[in-house]
Asker: 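Quick one: the structure is below, and I'll ask about it shortly.
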Amino acid sequence: MSERMPYPSDLSQAQWALIEPVITAWTDRHRSVSGHQGAYAMREIVNAILYQGRTGCQWAYLPHDLPPMSPTYYFAAWRDDGTDQVIHELLRCQVREKARRLEDPTLVVLDTQSIHAAAGVPASTTGRDPAKRVPGRKRGLAVDVLGLVIAVVVLAASAHDNTAGIALLDQVAEHTGGTVEKALIDQGFKNQVVAHGAGLGIDVEIVVRNPQEKGFVPQAKRWRAEQTYGILILHRRLVRDYEHRPASSASRVYWAMTHVMARRLTGANTPTWRDPHTVSA
């Protein structure tokens, strides 16, 4: 770490200590038969993934003082074996405990967001959201009352919210061990999601907007999902879907929230897009 100037996205020593045990356990399970330890420290590999997520750059455009292209392998490996989710879940439980709550929630909020897909994203994994008139992909989240992510699903934007809702409920039931008793959804979801939730033992409530209210009016508890989407958009890799595989898009969400939670647990401020020390043209 002393060999280069730090980037705002770098993990501090305290933040690295939060996830280092998981990464160390992973490397112990994946040792090279030749005994080679790799040319770059694991902390720098994670810093490169977080840098890309925050800035939105391509792999080949990573700064030269970060590991060149090596994060590509680790990002894919950790996505495929679920290590990214293990790290995320570890920190999520700690944030909830710090807020004096049980590790797993009893209530979640479901919501979806349609985003444009970048050029080069396979057409077979994209579509057009007819309601929002957005061509690309649909990102669905299940969050708790603290705005922490419980489940992520990425589909073609043409997929109905019901499809996203059902997939999210299945993940919620799997990830929380059945602690969730209630889920709040908006009117974009239909009774099919309510029925599926009932089969999982989850009371799904469709929150109806007051027709007398004009413009954007935050709804009790449901606003947490909107807040989380706003936090994720601070990570430029998530402003548009650049990923070839939907699973990579979901992994980006887990890494972004891991970054957010590591800062919360260590009392660090989240940097904004605008540098307060510079003046825009």
Asker: Kindly compute the distance separating OH (Y74) from OG1 (T27), expressed to the nearest 0.5 Å.
Answerer: 8.5 Å
Asker: Testing the basics here: between T176 and P105, what is the closest heavy-atom pair and its distance to 0.1 Å?
Answerer: CG2-CD, 4.1 Å
Asker: Applying salt bridge (charged side-chain N to carboxylate O under 4.0 Å, His left out), name anything that partners K182, two or more places apart in sequence or on another chain.
Answerer: D203, E205
Asker: Hey, does the side chain of H259 reach the backbone of S9 with a donor-acceptor pair shorter than 3.5 angstrom?
Answerer: yes
Asker: Does a side-chain heavy-atom distance below 4.5 Å link I23 with W16?
Answerer: yes
Asker: Does H175 reach the main-chain N or O of I150 with its side chain, forming a donor-acceptor pair under 3.5 Å?
Answerer: yes
Asker: Is Y254 reachable from V143 through a run of hydrophobic residues whose side-chain heavy atoms are each under 4.5 Å from the next?
Answerer: yes
Asker: Just how far is it from atom CZ of F189 to atom CD1 of I206, taken to the nearest 0.5 Å?
Answerer: 9.5 Å
Asker: Hydrophobic cluster membership, with links at side-chain heavy-atom distances under 4.5 Å among I/L/V/M/F/W/Y: are I202 and V108 in one?
Answerer: yes
Asker: Is there a side-chain contact between D161 and V193 in this structure, where contact means two heavy atoms from C-beta onward sitting under 4.5 Å apart?
Answerer: no
Asker: Give, for atom CG of L234 and atom CZ of R54, the distance between the pair rounded to the nearest 0.5 Å.
Answerer: 5.5 Å
Asker: With sequence neighbours excluded, tell me which residues meet side chain to side chain contact (heavy atoms under 4.5 Å, CB included) with I231.
Answerer: Q227, V260, R264
Asker: Can Q113 and R137 be said to form a side-chain contact (heavy atoms from CB on, under 4.5 Å), step by step?
Answerer: CA-CA 8 Å; Q113 175 190 56; R137 283 180 175 155; over 6 Å; no
Asker: Working to the nearest 0.5 Å, report the span between CD1 of I87 and CD1 of I19.
Answerer: 5.0 Å
Asker: Any pair with a residue in residues 18-30 that passes salt bridge (Lys or Arg N to Asp or Glu O under 4.0 Å), sequence neighbours left out, goes on the list, sorted by first then second residue, please.
Answerer: D28-R31
Asker: Check whether any side-chain N or O of T266 sits under 3.5 Å from a backbone N or O of A262 as a donor-acceptor pair, and report yes or no.
Answerer: yes
Asker: What heavy-atom pair brings D84 and S251 nearest, and what distance separates the two atoms?
Answerer: OD2-OG, 2.6 Å
Asker: Would you please indicate yes or no on a ring centroid separation below 6.0 angstrom for W26 and H30?
Answerer: yes
Asker: Which residues pass the side chain to side chain donor-acceptor pair (under 3.5 Å) test with T179, not counting sequence neighbours?
Answerer: none
Asker: Test of understanding: with side chain to side chain contact (heavy atoms under 4.5 Å, CB included), list the residues that count as partners of L265, not counting sequence neighbours.
Answerer: L18, L91, Q94, V95, K98
Asker: So, does T228 use its side chain to make a donor-acceptor pair with the main chain of G147 at under 3.5 Å?
Answerer: yes
Asker: For G53 versus R252, what's the shortest heavy-atom pair and its separation?
Answerer: N-NH1, 4.3 Å
Asker: Only distances under 3.5 Å count here; give the side-chain donor-acceptor pairs of residues 56-65 to other protein atoms, sequence neighbours excluded, each with its distance to 0.1 Å.
Answerer:
from : atom 1 : to : atom 2 : distance (Å)
D65  : OD1    : Y7 : OH     : 2.7
D65  : OD2    : Y7 : OH     : 3.1

Asker: Would a 4.5 Å heavy-atom cut-off, applied to side chains only, mark I45 and M42 as touching?
Answerer: yes
Asker: Taking the six-membered ring of Y229 as reference, does the NZ or CZ atom of R139 fall below 6.0 Å from its centre and within a 45° cone about the axis?
Answerer: no
Asker: How would you list, by chain and number, every residue that makes a salt bridge (charged side-chain N to carboxylate O under 4.0 Å, His left out) with R96, sequence neighbours excluded?
Answerer: D144
Asker: Measure across G127 and A157 and return the closest heavy-atom pair with its distance rounded to 0.1 Å.
Answerer: O-CB, 3.5 Å
Asker: Of all residues at least two apart in sequence or in a different chain, which pass the salt bridge (charged side-chain N to carboxylate O under 4.0 Å, His left out) check with R237?
Answerer: E243
Asker: Output all residues satisfying side chain to side chain contact (heavy atoms under 4.5 Å, CB included) with Q192, sequence neighbours left out; order by chain, then residue number.
Answerer: N162, I166
Asker: According to the salt bridge (Lys or Arg N to Asp or Glu O under 4.0 Å) rule, which pairs have a member within residues 121-134, sequence neighbours left out?
Answerer: D129-K138
Asker: Going by heavy atoms in the side chains, are L232 and L141 under 4.5 Å from each other?
Answerer: yes
Asker: Just checking, any donor-acceptor pair under 3.5 angstrom between side chains of R236 and Q52?
Answerer: no
Asker: Examine V153 and V180 and state if one hydrophobic cluster contains both, with Ile, Leu, Val, Met, Phe, Trp and Tyr joined whenever side-chain heavy atoms are less than 4.5 Å apart.
Answerer: yes
Asker: Just wondering, do H244 and V121 contact through their side chains at under 4.5 Å, heavy atoms?
Answerer: no
Asker: Please check if the side chain of T126 supplies one atom and the backbone of A123 the other of a donor-acceptor pair under 3.5 Å.
Answerer: yes
Asker: Okay, side chain of R240, backbone of A118: is any donor-acceptor separation there less than 3.5 Å?
Answerer: no
Asker: Whether the side chain of Q171 engages the backbone of V152 through a donor-acceptor N/O pair (distance < 3.5 Å, no angle test) should be reported.
Answerer: yes
Asker: Is Y40 close to P68 at the side-chain level, that is, under 4.5 Å between some pair of heavy atoms?
Answerer: yes
Asker: Specify the closest pair of heavy atoms between G165 and L110, including all atoms of both residues, with the distance to one decimal.
Answerer: O-CD2, 3.8 Å
Asker: Do T163 side-chain atoms and A159 backbone N/O form a donor-acceptor pair below 3.5 Å?
Answerer: no
Asker: Evaluate the side-chain contact (heavy atoms from CB on, under 4.5 Å) criterion for residues F75 and V46: first the C-alpha distance (whole Å), next the side-chain angles of each, then the deciding distance (0.1 Å), finally the verdict.
Answerer: CA-CA 9 Å; F75 175 82; V46 174; over 6 Å; no
Asker: If I take atom CG from residue D10 and atom CG from residue L50, how far apart are they, to the nearest 0.5 angstrom?
Answerer: 8.5 Å
Asker: Treat each ILVMFWY residue as a node, draw an edge where side-chain heavy atoms are under 4.5 Å apart, and state whether V149 and I185 are in one component.
Answerer: no
Asker: Taking all non-hydrogen atoms of both residues, which atom of I233 and which atom of L238 are closest, and how far apart?
Answerer: CD1-O, 3.7 Å
Asker: Given side chains that start at C-beta, do those of V239 and I115 come closer than 4.5 Å, heavy atoms only?
Answerer: no
Asker: If we count only N and O atoms by modelled type, under 3.5 Å, do the side chains of S248 and R79 hold a donor and an acceptor together?
Answerer: yes
Asker: Would you mind listing every salt bridge (Lys or Arg N to Asp or Glu O under 4.0 Å) that reaches into residues 103-124, with sequence neighbours excluded?
Answerer: R92-D104, D111-R222
Asker: What distance separates L155 CG from S249 OG, expressed to the nearest 0.5 Å?
Answerer: 10.5 Å
Asker: For D80, give me all partners under salt bridge (charged side-chain N to carboxylate O under 4.0 Å, His left out), at least two apart in sequence or on another chain.
Answerer: R245
Asker: Same hydrophobic cluster for W255 and M69, using side-chain heavy-atom links shorter than 4.5 Å among ILVMFWY?
Answerer: yes
